[in-house]
Amino acid sequence: MAHLTYGDSGPVGSTIELVSKNSTPRFDRLLRPGRWVRDFVDDLAVASPARLAIGSFVAVVALFAILLMLPASVRDPGSVPQTEHIANAVFVAVSAVCVTGLTPVVTESYWSDFGISVITAGIQVGGLGILTVASVLGMAVSRRLGVRQRLIAQQATSALNLGQVGSLLKTVVITIVTAEAILAVLFFPRFLIRGESIGDALWYSVFYSISAFNNAGFTIHPGGGAYFASDPWILSLLMLGVFVGALGFPVVLMIAMQWNHPKRWDLHTKLTLTTTTAVLAIGLLFLLIFESANPATLGDKNAGHTFVEVLFMAVMPRSGGFSTMEIADMSQSSHLLMDLMMFIGGGSSSTAGGIKVTTVAVLVLAAYTEARGLQNVHVFGRRLTSSTIKLSISVLLTGAIIVFIGTLTMLQISAEPLDKVLFEVISAFGTVGLSSGVSATVDEVGLYCLSVIMLIGRLGTITLAAALSMQDSVRLYRYPEERPVVG
């Protein structure tokens, strides 16, 4: 009788509850495989978000590479040796999924309609994946922060916890599709005016809206962006798509929600917009100076046409990849300036690459603060933490090391000069897509090397920033302080 008393009923109830919790989800997963996949992704995001990012991107690249290897993806399957075609397929798959835009072949003449459709799908999936992965990593980081910092991070990633990966993906998809639809609607009448059929105009509008907003830089017209060099309407829409896409999902979401209250924008949004404007203005000014008198590019064009093209070329190194002029014809000064702009890239949690404008902003502010002898870095009424400054230094050094090693490797592989190789490597690392011509002339080994650089450039800085931000070890002792001579 003692075992049937009220006091002993608790463990029995707990056991029944435990059995029901263990059995129901398994049965539910069998009936609803979609939920099982979602739960698996959520569990993996909680356990190892960086592994999820790398694994998912490699798997997606492999899938699109296989599709591009199919004979149906090429206009003339027998015209290219098999080893060369495999290298081209892998390279273009990486370039599409990483939304870079570099290509060793002429897109519209090498790939069939099916192949171009595969590339377009790769760009779309890659853009969605980049924003989702960046946001998931942001949520993972937010779990390791303090209460105040966690609230800020959750606001930036638009989700409360890692269990809301599905809701976050839905928000990202709606945002991207809406932006691309607006661009496509604006493109459509212009292509009709240019004499395209309704079907072609619709296809071109969809393709270029996807390529522009995702900062991919792929084109399907002869001469690439130069085909539209005399069309300010299309150039303006391409610039708009690249500019907005490179701001980053948190910034676009913040502006959409608080567009009439700029004072309520968070620090990340303010830093991104301010630094982006500064980099764009500097690029515009110096490209005007370097190229206005260059007879190979803009020397014989009027002032209005020159300004539009220079503005276009100032926007593209952020990660756009479209170009209205031959990179090889531009001056050495322009090459060096664009190297710097491509290395900086766009906004965090965006489809743009590079070390990101917020990283540069933090480093410039830290240097300015040190020069003035101040203890704390202040900006827009906020104080930056020392961990943020250390993280920015780590991202900068990591990016510089990747570019250095990639350039040395490519110099050994190719016979091109340093200027062209450095430009191509930085374009690959920053997932920009502007090319000095190295991708079109290098052999298969060089294509695989550039493919690795694109993957590292796309995932390296994101996962590094997340991994360093999630480390929160505290020492219980401190060594004596001593300052070496620096500078």
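Note that the structure is predicted; figures quoted are calculated from it, not measured.
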side-chain hydrogen bond (donor to acceptor under 3.5 Å, both in side chains) partners for T359, two or more places apart | none
Flag the pair V125 / V97 as yes when at least one side-chain heavy-atom distance between them is below 4.5 Å, and no otherwise.
-> no
Do M341 and L337 come within less than 4.5 Å of each other through their side chains, counting heavy atoms only?
-> yes
What's the shortest heavy-atom distance between A179 and F213, and which atoms?
-> CB-CE1, 3.5 Å
From D200 atom CG to I220 atom CD1, the distance as rounded to the nearest 0.5 Å = 9.0 Å
Is there a side chain to side chain donor-acceptor pair (under 3.5 Å) between T269 and T272 once you walk through the steps?
-> CA-CA 5 Å; T269 300; T272 300; over 6 Å; no
Donor-acceptor contacts, no H, no angles, side chain residues 187-196, under 3.5 Å, sequence neighbours left out:
unit_1 : atom_1 : unit_2 : atom_2 : d
R190   : NE     : D231   : OD1    : 3.1
R190   : NE     : D231   : OD2    : 3.0
R190   : NH2    : D231   : OD2    : 3.4
R194   : NH1    : D231   : OD2    : 2.7

By ring-ring contact (aromatic ring centres under 6.0 Å, His included), Y208 pairs with (sequence neighbours left out) H221, F228
Nearest heavy-atom contact between S427 and L102 is OG-CD2, 4.1 Å
Separation between CZ (F218) and OG (S95), nearest 0.5 Å, reads 3.5 Å
Do V362 and I393 come close enough that some side-chain heavy atom pair is under 4.5 Å?
-> no
Just checking, is any N or O donor in the side chain of S117 or T120 under 3.5 Å from an acceptor N or O on the other one?
-> no
Is any side-chain heavy atom of L434 closer than 4.5 Å to a side-chain heavy atom of F423?
-> yes
All heavy atoms of V92 vs all of P104, minimum pair found to be CG2-CD, 3.9 Å
Do you know which of K420, E424, H335, E326 makes side-chain hydrogen bond (donor to acceptor under 3.5 Å, both in side chains) with S436?
-> E424
Are T441 and S414 side-chain neighbours, meaning at least one heavy-atom pair lies under 4.5 Å?
-> no
For the side chain of S394 and the backbone of K390, is there at least one donor-acceptor N/O pair under 3.5 Å apart?
-> yes
Nearest-0.5 Å distance, CG of residue L267 to OG1 of residue T388 | 9.0 Å
Rounded to the nearest 0.5 Å, what separation is found between the OG1 atom of T276 and the NZ atom of K356?
-> 11.5 Å
Heavy-atom closest pair (T103 atom, S439 atom, distance to 0.1 Å) is O-CB, 4.1 Å
Run the side-chain donor-acceptor check on residues 68-81: report pairs under 3.5 Å with partners two or more places apart or on a different chain.
unit_1 : atom_1 : unit_2 : atom_2 : d
S73    : OG     : L67    : O      : 2.6
R75    : NE     : E108   : O      : 2.9
R75    : NE     : W111   : O      : 2.9
R75    : NH2    : E108   : O      : 3.4
R75    : NH2    : D113   : OD1    : 3.4
S79    : OG     : D76    : O      : 2.7

What one should report as the nearest heavy-atom pair of S350 and R458 is O-NH1, 3.8 Å
Just do the side chain to side chain contact (heavy atoms under 4.5 Å, CB included) check on S319 and V242 with the steps written out, would you?
-> CA-CA 8 Å; S319 193; V242 169; 6.0 Å; no
Taking S211 for the side chain and F207 for the main chain, is one N or O donor matched with an acceptor at less than 3.5 Å?
-> no
Under 4.5 Å between any side-chain heavy atoms of V244 and L183, yes or no?
-> no
Under the side chain to side chain contact (heavy atoms under 4.5 Å, CB included) rule, what do L340 and L336 come out as? Steps first, then yes or no, please.
-> CA-CA 7 Å; L340 177 61; L336 184 59; over 6 Å; no
For the residue pair H268 and S348, establish whether any side-chain heavy-atom pair is separated by less than 4.5 Å.
-> yes
Can you name the closest pair of heavy atoms from V251 and L247 and give their distance?
-> CG2-O, 3.5 Å
Can you check side chain to side chain contact (heavy atoms under 4.5 Å, CB included) on L273 and I255, steps first, answer last?
-> CA-CA 11 Å; L273 292 176; I255 295 176; 4.1 Å; yes
Think R318 forms a cation-pi with F243, using NZ or CZ under 6.0 Å from the six-ring centre and within 45 degrees of its axis?
-> yes
Could you go through the side chain to side chain contact (heavy atoms under 4.5 Å, CB included) check for T107 and T219 one step at a time?
-> CA-CA 7 Å; T107 302; T219 61; 5.8 Å; no
Side-chain H-bond candidate by donor/acceptor type, E180 with N214, under 3.5 Å | yes
Can you tell me if CD on Q412 sees more than 12 non-hydrogen neighbours from other groups inside 6.0 Å?
-> no
Please identify each residue that fulfils ring-ring contact (aromatic ring centres under 6.0 Å, His included) with F404, with sequence neighbours left out.
-> none
Between the CG atom in N294 and the CG atom in L298, the distance rounded to the nearest 0.5 Å is 7.5 Å
Let me have the donor-acceptor pairs involving side chains of residues 445-456, under 3.5 Å, with sequence neighbours excluded, atom names and distances please.
unit_1 : atom_1 : unit_2 : atom_2 : d
S451   : OG     : L447   : O      : 2.8

With rounding to the nearest 0.5 Å, note down the distance linking CG in L396 to CD1 in I344.
-> 10.0 Å
pair M313-M330: side-chain heavy atoms closer than 4.5 Å | yes
